[in-house]
Amino acid sequence: MIIDLSADLGEGAPREDEVWPLIHAANVACGGHVGDEQSMHAAVLQARKHDVRLGAHPSYPDREHFGRRSITMPAAQLHDALREQLLQLYAIAAREGLALQHVKPHGALYNDAHHDAELATVIIDAMHAVDPSLSLVAPDTSAMAEAARGRGTNVIREAFADRRYNADGSLLSRKEAGSLLTVDEARGQALLLARESAVIARDGSRLPIAFDTICIHADMEGAVERLRAIRAALS
């Protein structure tokens, strides 16, 4: 059994080139929180070189705060912003003969749409406006997953090895102490996911997590070490 590993990339982290050979799928920033044509093109080439599945990582249009601030905006305006982000990466990939396969919202958008059904619907609508065959990467029990399944969109269920969970299945805010797991903690969480499809939540409770891919954040310090430790443990 091979455990699928994924990472959020194209965000300017200093060691991203070392991440690509260690993963199976990538979620590439496409201009909302960071990224431009040059960074997207570089990511597409890396995906092709390492036979990594290519996905988009759109966000609220918020480069100033790296997409980690919740923004209230009209649904139509957010739809257009997300659609534009997806189209940019979609077109760059097509020019290089590579297919965009999935979409994973970034940062505050991901966290907000975990519970907000209307926001989740905007995301799915933007995906369908670009390519109805795109899959959505999201937590299995999120409003995003429910909205996607309601529209016949394939859901790639995501778990995290490097982030602490709340008891409701959402991620503990990065502002909270202990939200970012150490290399050893991430390895242990990945092993528990692989063996028992579960994590230990912030309050100490055992939280079942159904997943298809385990994500590591490439912009976190020690990401390469986490991935190497996880791959060694899983093998």
Side-chain angles (χ1 to χ4, degrees), residues 3-8 24-33 53-62 67-91 93-94 99-160 163 165-173 193 197-199 201 207-215 217:
I3 300 297
D4 190 88
L5 297 176
S6 54
D8 302 336
H24 305 95
N27 315 303
V28 176
C30 41
H33 62 292
R53 299 192 310 277
L54 180 68
H57 199 36
S59 75
Y60 288 123
D62 179 27
R68 289 183 176 146
R69 177 187 63 170
S70 295
I71 296 177
T72 301
M73 56 192 301
Q77 185 179 344
L78 178 60
H79 174 279
D80 290 347
L82 295 176
R83 176 177 174 273
E84 180 60 28
Q85 291 175 56
L86 299 180
L87 281 173
Q88 287 187 67
L89 183 57
Y90 193 96
L100 189 66
Q101 299 190 36
H102 62 267
V103 174
K104 175 192 169 181
H106 164 80
L109 179 62
Y110 184 99
N111 293 333
D112 292 346
H114 185 95
H115 300 290
D116 190 326
E118 292 185 8
L119 191 56
T121 298
V122 173
I123 294 169
I124 304 305
D125 285 346
M127 290 170 56
H128 276 245
V130 174
D131 185 344
S133 72
L134 290 169
S135 297
L136 174 76
V137 177
D140 180 50
T141 59
S142 65
M144 288 184 287
E146 183 176 354
R149 290 169 179 141
R151 294 284 297 278
T153 296
N154 180 57
V155 176
I156 300 171
R157 302 168 299 175
E158 183 176 46
F160 292 91
R163 294 290 303 277
Y165 279 85
N166 291 308
D168 66 355
S170 62
L171 296 179
L172 180 62
S173 168
L193 283 165
S197 296
V199 299
L207 180 66
I209 301 285
F211 71 94
D212 302 302
T213 188
I214 296 177
C215 180
H217 292 88

### Message
I want to check something: taking the side chain as every heavy atom from C-beta on, are L172 and Y165 in contact at a cut-off of under 4.5 Å?
### Response
no
### Query
Closest heavy-atom contact between P58 and L82?
CB-CD2, 3.9 Å
### Query
Between H115 and S170, which heavy-atom pair has the shortest distance, and what is it?
NE2-CB, 4.1 Å
### Summary
Note: A147 and A120 closest approach over all heavy atoms is CB-CB, 4.0 Å
### Query
Does a side-chain heavy-atom distance below 4.5 Å link H106 with N27?
no
### Task
List the atom of A129, the atom of R83, and the distance in Å for their closest heavy-atom pair.
CB-CD, 3.9 Å
### Query
Less than 4.5 Å apart, any side-chain heavy atom of P139 and any of I209?
no
### Message
Nearest 0.5 angstrom please: Y60 OH to T72 OG1, how far?
### Response
7.0 Å
### Task
With rounding to the nearest 0.5 Å, note down the distance linking CG in L54 to CG in L89.
5.0 Å
### Message
Could you tell me if the side chain of V28 sits less than 4.5 Å from the side chain of L100, heavy atoms only?
### Response
no
### Message
Any salt bridge linking D4 with R157? Criterion: basic side-chain nitrogen under 4.0 Å from a carboxylate oxygen.
### Response
no
### Task
Go through the steps to decide whether L109 and I71 satisfy the test side-chain contact (heavy atoms from CB on, under 4.5 Å), and finish with yes or no.
CA-CA 8 Å; L109 179 62; I71 296 177; over 6 Å; no
### Message
Could you check whether any side-chain heavy atom of Q101 comes within less than 4.5 Å of a side-chain heavy atom of S135, counting everything from C-beta outward?
### Response
no
### Separation between CD1 of I156 and CG of D140, rounded to the nearest 0.5 Å
12.5 Å
### Task
Return the minimal non-hydrogen interatomic distance between A126 and L86, and the atom names on each side.
O-CD1, 4.0 Å
#### Entry: Side-chain donor-acceptor contact under 3.5 Å, N154 with H102
no
### Query
Donor-acceptor pair, H114 side chain versus S142 backbone, under 3.5 Å?
no
### Query
Under 3.5 Å, is there a donor-acceptor pair between the side chain of N166 and the main chain of D168?
no
### Query
Does any non-hydrogen side-chain atom of E84 lie less than 4.5 Å from one of P61?
no
### Task
Start with the C-alpha distance between D8 and K104, add both sets of side-chain angles, then the distance that settles side-chain contact (heavy atoms from CB on, under 4.5 Å), and finish with yes or no.
CA-CA 9 Å; D8 302 336; K104 175 192 169 181; 3.0 Å; yes
### Task
Measure the spacing between OG1 of T121 and NE2 of H128 and express it to the nearest 0.5 Å.
10.5 Å
#### Entry: CD1-CG distance between I123 and L78, expressed to the nearest 0.5 angstrom
7.0 Å
### Query
Just by distance, do the side chain of S59 and the backbone of G67 share a donor-acceptor pair under 3.5 Å?
no
#### Entry: Crowding at CZ, R163 (>12 non-hydrogen neighbours, <6.0 Å)
yes
### Task
Answer yes or no: is there a side-chain heavy-atom contact under 4.5 Å between N111 and R68?
no
#### Entry: Minimum heavy-atom distance A201-L207, with the two atoms named
CB-CB, 4.5 Å
#### Entry: Interatomic spacing from CZ in R69 to CG in D112 - rounded to 0.5 Å
12.0 Å
### Query
Any side-chain heavy atom of I3 within less than 4.5 Å of one from F211?
yes
